[in-house]
Visitor: 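Sharing a structure, written as structure tokens. Questions coming.
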Amino acid sequence: MYAFDFERPATIDDALKALGAEDAQALGGGQTLIPTLKSRLASPSKLVSLTAIPELKGISTGDDGTLCIGAATTHAEVAAGAGAYPALAALAGNIGDPAVRNRGTIGGSLANNDPSACYPAAALASGATIVTNSRRIPADEFFDGMFTTALEEGEIIVEVHFPIPQAANYQKFEQPASRFALVGVFVARYPDGVRVAVTGAAEDGVFRWAEAEAALASDFSAGAIAGLDVPGNAMIGDLHGSPEYRAHLVKVMTGRAVKAAG
Amino acid sequence: MNEITIKVNGKSVSGPVEGRTLLVDFLRGAGLTGTHVGCDTSQCGACVVHVDGKAVKSCSIFAAEAEGAEVATIEGQANPDGSLNAIQQAFQDHHGLQCGFCTPGMVMSAAALLKENPRPSEHEIREYLEGNICRCTGYHNIVKAILAASGQDVSAIAAE
């Protein structure tokens, strides 16, 4: 690891000030960033830890009925505390392993936008709103390709608001060494339609499978997607699976998620 | 360099750290070498300690992030009279270790599990140990030891 300065502010304002330094980098739970730093794939001048800021933590229900999760809330805390949205709690409880879940945060996962991470699928399938220190970003406008988001330099996620669906489920086909999704599909049914978000599969990161959403809106059953072609996105091909394999898995996992959501 | 203070196994430990000093290096530098560095990539779990009661991989948290926290390591697990605690004793009784390298992390993960879930099923134990890798035992006796430490009958489980 290259050397860097370290700050651990207690307020959002102090964090934003610290992030104003050149090449400063926000640090969530560090479960991705710390290994990245060890590999010397990043060399920030300063790390600003966001885990000592009480305003960024906790789970509550908003006036509009959405589930509001602070950005520095850990996966373990979401697994235990998001009972109002069981599919989301289940997703959080199946990220990595218990020790990773005790450190990793929802804000960190969304800001990193790893193409195989679980949370981006939940946020996109739920039509969540990513609330930052300066604005509210709809999930549909937040994810901007592999490891890229709509966040500006120095902007941090404060909270994520999840509308609670009538039925939802997340199915992850795990890459067994990393526990990341080889393919993960989050299906959520709302009064105004069905949203299907796919992670792990595409080179551009998480995406919505529009054809499946249309088919499921009129018939919410695994059979409704049986006749669909696999999504046409450019799929990831690596030693864990070919693009064709991943495309096939998208359909299989979608079917399983619909069935499990009931 | 920042001076930090962490309460480790009930005792205050202070020292200067760089921003990039990992908690595991801080602990080992303080002479607490029971916490091991296996993979250094947050996969193997040999470095698991408890920070404010939660199991974490001490190779994937900076020492400065644990400033003011209560940290528990394998060195603090024995009973006050120095005898092995229930989990450690069960690992010995049921041959839950061979080379022993992963054992500190296994014991700390087991302690965290039993605090959350005092009578876990075999399946729950295996799930909980997803982030702890052992290259010797095949896990079977580790799982058996944790079942035994939780007070459950393991006499019907054959040693495989």
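Since this is a predicted model, take the numbers as computed values, not measurements. Below, chains carry the letters A, B, ... as their sequence lines are ordered, and counting in each starts from 1. Just the heavy atoms: all of them, side chains too, but no hydrogens, waters or symmetry mates, feed the values below.
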Visitor: Given that the side chain runs from C-beta out, which part of A/L33 has a heavy atom under 4.5 Å from chain B: side chain, backbone, both or neither?
Guide: neither

Visitor: Where the side chain of B/K115 meets the backbone of B/G53, is there a donor-acceptor pair that is under 3.5 Å apart?
Guide: yes

Visitor: Regarding B/R20 and the six-membered ring of A/Y2, is the cationic atom NZ or CZ under 6.0 Å from the ring centre and inside 45° of its axis?
Guide: no

Visitor: Looking at A/K38, A/E7, A/R8, A/R101, which has the largest count of heavy-atom pairs under 4.5 Å with chain B?
Guide: A/K38

Visitor: Among B/E65, B/K54, B/M108, B/E67, which has the most heavy-atom pairs under 4.5 Å with chain A?
Guide: B/E65

Visitor: Taking B/E122 for its side chain and B/V143 for its backbone only, find out whether a donor-acceptor pair lies under 3.5 Å.
Guide: no

Visitor: Between B/I61, B/I133, B/L113, which residue shows the highest count of heavy-atom pairs closer than 4.5 Å to chain A?
Guide: B/I61

Visitor: Where the side chain of A/T199 meets the backbone of A/A117, is there a donor-acceptor pair that is under 3.5 Å apart?
Guide: yes

Visitor: When only pairs under 4.5 Å are counted, which of B/K57, B/E130, B/H50 shares the most heavy-atom pairs with chain A?
Guide: B/E130

Visitor: Taking every non-hydrogen pair under 4.5 Å, which of B/N132, B/V48, B/D40, B/V51 racks up the most with chain A?
Guide: B/D40

Visitor: Within the distance-only criterion (no hydrogens, no angle test), does the side chain of B/D52 pair as donor or acceptor with the backbone N or O of B/A69 below 3.5 angstrom?
Guide: no

